[in-house]
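In what follows, a structure is listed as structure tokens, so that the remarks can point back to it.
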Amino acid sequence: MSRAAALRREEARFPTRPLPASYLKRSEMPFASLIFLLPFIILYEVGTRHFAFDPANQTERRIIAFNLMHQFFQWFGATGKYMPPLAVVSILLWVHIARNDPWKVMPGTLLGMALESAAWALPLLALGSVTSRFVHYHDWRTMIVLSLGAGIYEELVFRLVGLILLHMLLIDLLRLPKVWGYLAMVVITSLAFAQYHYWGGEPFAWRSFVFRTIAGAYFAVLFLFRGFGVTAFTHACYDILLVLAGAMVVA
């Protein structure tokens, strides 16, 4: 049997699902999220080396979620520097293979995801401008790099991993009705997301805690309806716009 015939036979045994005609369906697929976010994962690593690196102490400034993932892998003996980005790629690839989705992404889908993410960031930016002041950062380039990392790794921890684990516990294992299960998932991850922001030494304040809880719920609902790629870049866009707004206010 020729190689081509063998491949056709294998494809017949395990047929790949066709690419959806709808942009909404295509953009929420894991492989689309991976291809869309991969340049930003690389930019975060390169930007950290150039703008968030202290040559005197040979240390890098990373977001807390990235460090938490790094510590998690160290517990299991995996000490590689790039384990968190490899985890993002591996998880999305694993879900893609499990769903048997096609290995194809349309360029228009990626452009649509970028524009959609920027649009979803605007309501949150407007709400944030009402509830808090814009902060000016002296090193805005570092903050933009960290914004990319926050969008990817905080959404991985609190939405992709957090929501899936809570779904397995509350709905699959405890058999909660889906309405109450999803509500509990959103509330728990949103409160955890808000509390997480004070782990770096920022003083606790109810005003910022409430806003961050609302933001966490916003991202959770967006994730449930639009997938990881759009949610992660929406988060990154919001943080980047916040940094740029602070720079413009001072200027």
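Applying the side chain to side chain donor-acceptor pair (under 3.5 Å) test to every pair with at least one member in residues 19-32, sequence neighbours left out, gives these pairs: Tyr23-Glu116, Arg26-Thr109, Ser27-Arg226. Residue pairs meeting the salt bridge (Lys or Arg N to Asp or Glu O under 4.0 Å) criterion with at least one partner in residues 167-178, sequence neighbours excluded, are absent. Legend: side chain to side chain donor-acceptor pair (under 3.5 Å) pairs involving residues 90-99, not counting sequence neighbours, sorted by first then second residue: Arg99-Asp101. Among residue pairs with one or both ends in residues 229-238, none qualify as salt bridge (Lys or Arg N to Asp or Glu O under 4.0 Å); sequence neighbours excluded. For residues 102-111, there are no salt bridge (Lys or Arg N to Asp or Glu O under 4.0 Å) pairs, not counting sequence neighbours. For residues 148-168, the salt bridge (Lys or Arg N to Asp or Glu O under 4.0 Å) pairs, not counting sequence neighbours, are Glu155-Arg159.
Using a 30° and 60° split on the angle between ring planes, Tyr238 and Phe211 fall in the tilted class, from 30° to 60°. Relative ring orientation between Trp206 and Phe209 is described as perpendicular, the plane-to-plane angle rising above 60° on a 0-90° scale split at 30° and 60°.
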Without placing hydrogens or testing angles, list every side-chain donor-acceptor pair under 3.5 Å for residues 36-45, not counting sequence neighbours.
unit_1: Glu45; atom_1: OE1; unit_2: Arg62; atom_2: NH1; d: 3.4
unit_1: Glu45; atom_1: OE1; unit_2: Arg62; atom_2: NH2; d: 2.9
unit_1: Glu45; atom_1: OE2; unit_2: Arg62; atom_2: NH1; d: 3.2

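With sequence neighbours left out, Phe72 forms a side chain to side chain contact (heavy atoms under 4.5 Å, CB included) with Trp75, Phe76. Under the ring-ring contact (aromatic ring centres under 6.0 Å, His included) criterion, Tyr198 pairs with Phe204, not counting sequence neighbours. For Trp199, the ring-ring contact (aromatic ring centres under 6.0 Å, His included) partners at least two apart in sequence or on another chain are Tyr196. Remark: His167 engages Tyr182 in a ring-ring contact (aromatic ring centres under 6.0 Å, His included) (not counting sequence neighbours).
Other cluster members for Met106: Leu19, Met29, joined by side-chain heavy-atom distances under 4.5 Å among Ile, Leu, Val, Met, Phe, Trp and Tyr.
Side-chain contact check for Trp120 versus Leu222: some heavy-atom pair is nearer than 4.5 Å. Side-chain contact between Leu191 and Gln195 is absent, with no heavy atoms from C-beta onward closer than 4.5 Å.
Shown here for Phe73 and Ala87, the closest heavy-atom pair between the two residues is CZ-CB, 3.5 Å.
Hydrophobic clustering (side-chain heavy atoms under 4.5 Å, transitive across Ile, Leu, Val, Met, Phe, Trp, Tyr) keeps Val187 apart from Leu176.
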Decide yes or no on side chain to side chain contact (heavy atoms under 4.5 Å, CB included) for Thr189 and Phe219, but give the supporting numbers first. CA-CA 10 Å; Thr189 56; Phe219 291 135; over 6 Å; no
